[in-house]
Amino acid sequence: TSVAVSGAAPAAPGTISGPIGACNTGVSLVYSVTPVNGATYYQWTLPNGASGSSATNNITVTFNSQFNSGNICVQAGNSCGLSTPSCQFISLFNSLPANPGNITGTILACGPGTYSYYIPPVAFANSYNWTVTGSNVSIVSGNGTNMVYVSFPAGFAGGSISVTPMNCIGSGQQRTLNLIGVPVHSSSL
């Protein structure tokens, strides 16, 4: 007797992760999707002026002088066929990042403690450079993104946090938020 085995192509991949903009200066960027159940390979389709090759769930893409915006798409595949594609539009960066909005976060930093600071995503930016001032103040995580976590020591006396949006053309305008330390009160008997 023979047994019929039925199968199906994998589900469509989820959202493609990676920068949503690129310069056409030969820059290489990495894109990926979460692995799809049942997929044994992935088929990537790149826009004109972009090159790269991968059968896995991530790919390094190089954007050359012919690139002028377009979709990166990926399909999950197995022996039964290919999924429907998941696509992400990639814009050509041809200008500096736009001016950043206001930094959101506490201005009264009472240490010791860790606080988050955020700016809305900036048009034409694909990276964010954060800096802090103040004695023993440090960025714990998130530098490069539009949200960071900052650690403040006990007795923080004041300082600032600044962010500069960046892309492969250069740096945009810096935005600064001045921070006020909460004084340490001493008690006497």
Side-chain angles (χ1 to χ4, degrees), residues 14-34 47 50 52 58-65 67-72 88-189:
T15 303
I16 297 173
S17 298
I20 59 171
C23 292
N24 56 5
T25 56
V27 65
S28 293
L29 302 172
V30 176
Y31 294 88
S32 64
V33 290
T34 302
N58 58 64
I59 186 171
T60 299
V61 180
T62 302
F63 297 89
N64 64 39
S65 61
F67 173 69
N68 189 21
S69 300
N71 283 311
I72 289 180
Q88 174 66 56
F89 186 77
I90 310 300
S91 299
L92 172 65
F93 284 156
N94 53 16
S95 67
L96 292 172
N99 291 335
N102 291 327
I103 299 172
T104 301
T106 184
I107 59 170
L108 294 172
C110 180
T114 300
Y115 298 92
S116 63
Y117 294 88
Y118 166 88
I119 61 166
V122 176
F124 304 112
N126 63 0
S127 182
Y128 301 84
N129 184 43
W130 295 83
T131 56
V132 291
T133 64
S135 181
N136 295 319
V137 177
S138 63
I139 295 172
V140 176
S141 64
N143 208 353
T145 72
N146 64 320
M147 181 174 181
V148 289
Y149 291 89
V150 178
S151 174
F152 295 91
F156 171 67
S160 66
I161 182 166
S162 299
V163 61
T164 304
M166 303 170 72
N167 66 21
C168 40
I169 306 261
S171 301
Q173 294 294 316
Q174 184 179 74
R175 176 72 70 173
T176 299
L177 178 67
N178 290 318
L179 307 174
I180 301 167
V182 178
V184 176
H185 295 285
S186 60
S187 58
S188 57
L189 297 174

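Quantities reported herein were computed from a predicted structural model and do not represent experimental measurements.
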- Is there any side chain to side chain donor-acceptor pair (under 3.5 Å) pair reaching into residues 153-174, and which pairs are they, with sequence neighbours excluded? Thr133-Ser160, Ser162-Thr176

Validation: residues 88-107 side-chain donor-acceptor distances under 3.5 Å, sequence neighbours left out:
{"unit_1": "Asn102", "atom_1": "OD1", "unit_2": "Arg175", "atom_2": "NH1", "d": "3.2"}
{"unit_1": "Thr106", "atom_1": "OG1", "unit_2": "Leu108", "atom_2": "N", "d": "3.3"}
{"unit_1": "Thr106", "atom_1": "OG1", "unit_2": "Leu108", "atom_2": "O", "d": "3.2"}

- Shortest non-hydrogen contact from Gly159 toward Phe156: N-CZ, 3.5 Å

- Note on the structure: Rounded to the nearest 0.5 Å, the CD1 atom of Ile180 sits from the CG atom of Asn178 at a distance of 8.0 Å

Without placing hydrogens or testing angles, list every side-chain donor-acceptor pair under 3.5 Å for residues 15-25, not counting sequence neighbours.
{"unit_1": "Asn24", "atom_1": "ND2", "unit_2": "Phe67", "atom_2": "O", "d": "3.3"}

Pairs under 3.5 angstrom only: tabulate donor-acceptor contacts from the side chains of residues 139-154 to other protein residues two or more places apart or in another chain.
{"unit_1": "Asn143", "atom_1": "OD1", "unit_2": "Trp130", "atom_2": "N", "d": "2.8"}
{"unit_1": "Asn143", "atom_1": "ND2", "unit_2": "Trp130", "atom_2": "O", "d": "3.4"}
{"unit_1": "Thr145", "atom_1": "OG1", "unit_2": "Gly142", "atom_2": "O", "d": "2.6"}
{"unit_1": "Thr145", "atom_1": "OG1", "unit_2": "Met147", "atom_2": "N", "d": "3.3"}
{"unit_1": "Thr145", "atom_1": "OG1", "unit_2": "Met147", "atom_2": "O", "d": "2.8"}
{"unit_1": "Asn146", "atom_1": "ND2", "unit_2": "Ile119", "atom_2": "O", "d": "2.9"}

- Query: Which residues satisfy the side-chain hydrogen bond (donor to acceptor under 3.5 Å, both in side chains) test with Thr114, sequence neighbours excluded?
  - Reply: none

- Item | Listed once per pair and sorted, the disulfide bond (SG atoms under 2.5 Å apart) pairs that draw on residues 101-167, sequence neighbours left out | none

- Message: Please enumerate all residues that pass ring-ring contact (aromatic ring centres under 6.0 Å, His included) together with Tyr128, with sequence neighbours excluded.
- Response: none

- Listed by chain and number, what are the side-chain hydrogen bond (donor to acceptor under 3.5 Å, both in side chains) partners of Ser28, not counting sequence neighbours? Thr62

- What distance separates Ile161 CD1 from Tyr115 OH, expressed to the nearest 0.5 Å? 13.0 Å

- Count the heavy atoms belonging to other residues, nucleotides or ligands that lie under 6.0 Å from CZ of Phe124, then report whether that count exceeds 12. no

- Message: Just to verify, what does Asn58 make a side chain to side chain contact (heavy atoms under 4.5 Å, CB included) with, not counting sequence neighbours?
- Response: Ser32, Thr56

